[in-house]
Amino acid sequence: MAFRSVIGAFSGILLPASCTLGDSEDAGSVNLYLDVDKGTLPVGESMTITVRALNVGYNPVTLTGPSDCLLYVEILNGQGQIVWHSQGQCIGQTVTEELVPGFEKTKNIPWDGTNLAGARLTAGFYHIRGIARVTGSPYIGPPLSVS
């Protein structure tokens with residue numbers, strides 16, 4: 001029996017979101033994309049969530065944070081509360097990384113359907129959102145819905 005399934009229209013596509021960083025002279029812009037590797041999440045299995053940040057602007061964008069968490073995800077319940085995030089896995093030193101125009105950074109994150117305490121989440125609708133640690137202010141992309 002499936003614990004939750006990814007809404008079919010989203011299971012094989014990437015969801016873009018744009019954000020302009022700074023003023024018009026900066027011309028820095030990042031698109032965030034989310035993807036999942038399977039359409040259902042059976043009990044006892046995990047899915048891989050891929051977060052991709054693409055610099056679509058004219059100037060570099062700077063990311064700052066733990067080296068293994070410059071990109072991370074949050075899982076939210078139907079009330080918008082964060083029930084799980086991948087930041088708990090961040091153990092790297094703080095780094096600054098420049099994302100030059102036209103280049104991207106990708107991070108694959110496993111999630112097994114549990115909450116922050118490690119307990120299995122109940123069946124229902126959840127939202128996954130990707131976050132890029134852009135220096136000065138993190139950029140949060142639009143959510144991908146799962147049920």
Side-chain angles (χ1 to χ4, degrees), residues 2-42 45-118 121 124-147:
F3 174 71
R4 65 182 59 76
S5 63
V6 176
I7 296 174
F10 295 118
S11 63
I13 62 171
L14 298 174
L15 295 175
S18 275
C19 174
T20 299
L21 306 171
D23 54 33
S24 59
E25 293 117 33
D26 292 338
S29 187
V30 171
N31 282 0
L32 279 179
Y33 301 87
L34 288 175
D35 193 21
V36 294
D37 68 339
K38 56 177 76 172
T40 61
L41 182 56
E45 292 187 21
S46 64
M47 68 170 41
T48 299
I49 304 163
T50 302
V51 182
R52 185 169 61 105
L54 173 65
N55 182 346
V56 295
Y58 300 110
N59 294 318
V61 172
T62 304
L63 303 173
T64 302
S67 62
D68 51 349
C69 286
L70 292 175
L71 303 176
Y72 64 96
V73 297
E74 295 177 337
I75 310 292
L76 295 89
N77 63 17
Q79 292 74 42
Q81 299 166 318
I82 298 170
V83 295
W84 185 85
H85 57 75
S86 62
Q87 293 184 83
Q89 303 167 6
C90 301
I91 57 172
Q93 292 182 343
T94 299
V95 297
T96 298
E97 187 174 307
E98 193 171 79
L99 190 59
V100 297
F103 282 79
E104 68 181 29
K105 180 160 186 70
T106 302
K107 171 96 174 162
N108 293 318
I109 300 164
W111 179 53
D112 62 1
T114 58
N115 64 18
L116 287 168
L121 289 169
F125 283 96
Y126 295 89
H127 303 285
I128 303 170
R129 66 181 177 195
I131 301 167
R133 292 183 189 268
V134 176
T135 301
S137 177
Y139 173 63
I140 301 172
L144 170 69
S145 297
V146 296
S147 63

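Between the CG atom of L71 and the CD atom of E104 there is a distance of 10.0 Å, given to the nearest 0.5 Å. Note: H85 NE2 to L116 CG = 4.5 Å, rounded to the nearest 0.5 Å. Considering CD1 of I128 and CD of E74, their distance stands at 12.0 Å, rounded to 0.5 Å. In this structure, OH in Y126 is found 10.0 Å from CD1 in I75, a value given to the nearest 0.5 Å. Between N55 atom CG and L99 atom CG the span is 5.0 Å, to the nearest 0.5 Å. To the nearest 0.5 Å, atoms CZ (F103) and CG (L54) are separated by 10.5 Å.
In this structure, the side chains of R133 and Y139 stay at 4.5 Å or more apart for every pair of heavy atoms.
Of the possible polar contacts, none joining the N108 side chain to the T50 backbone as a donor-acceptor pair under 3.5 Å is found. When atom types are taken as modelled, the side chain of D37 and the backbone of T48 share a donor-acceptor pair closer than 3.5 angstrom. In this structure a side-chain-to-backbone donor-acceptor pair under 3.5 Å is present from S86 to V73. At least one donor-acceptor pair closer than 3.5 Å links the side chain of K107 to the backbone N or O of D68.
Closest non-hydrogen pair, P101 versus P60, comes out as CD-N, 3.9 Å. The two residues L34 and R129 have their closest heavy-atom pair at CD1-CA, 3.9 Å. Nearest heavy-atom pair, E97 versus L70, reported as atom, atom and distance to 0.1 Å: OE1-CD1, 3.4 Å. Minimum interatomic distance between A53 and L32 (heavy atoms only, all atoms of both residues): CB-CD2, 3.7 Å. Between G92 and S67 the shortest heavy-atom distance is CA-OG, 3.4 Å.
Legend: residues meeting side chain to side chain donor-acceptor pair (under 3.5 Å) with Q93, ordered by chain and number and at least two apart, are absent. N115 meets the side chain to side chain contact (heavy atoms under 4.5 Å, CB included) test with A117, A119, L121; sequence neighbours excluded. Partners of T135 according to the side chain to side chain donor-acceptor pair (under 3.5 Å) rule, which considers only residues two or more places apart in sequence or in another chain, are T64.
When only modelled atom types and interatomic distance are considered, D35 and Y33 share no side-chain donor-acceptor pair under 3.5 Å.
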- Would you check, one step at a time, whether the test side-chain contact (heavy atoms from CB on, under 4.5 Å) holds for L63 with K105? CA-CA 10 Å; L63 303 173; K105 180 160 186 70; 4.0 Å; yes
- Message: Between V51 and I109, is the side-chain contact (heavy atoms from CB on, under 4.5 Å) condition met? List the steps.
- Response: CA-CA 8 Å; V51 182; I109 300 164; 4.2 Å; yes
- Give the C-alpha distance, both sets of side-chain angles, the deciding distance and a yes or no for side-chain contact (heavy atoms from CB on, under 4.5 Å) between V61 and V134. CA-CA 7 Å; V61 172; V134 176; 4.0 Å; yes
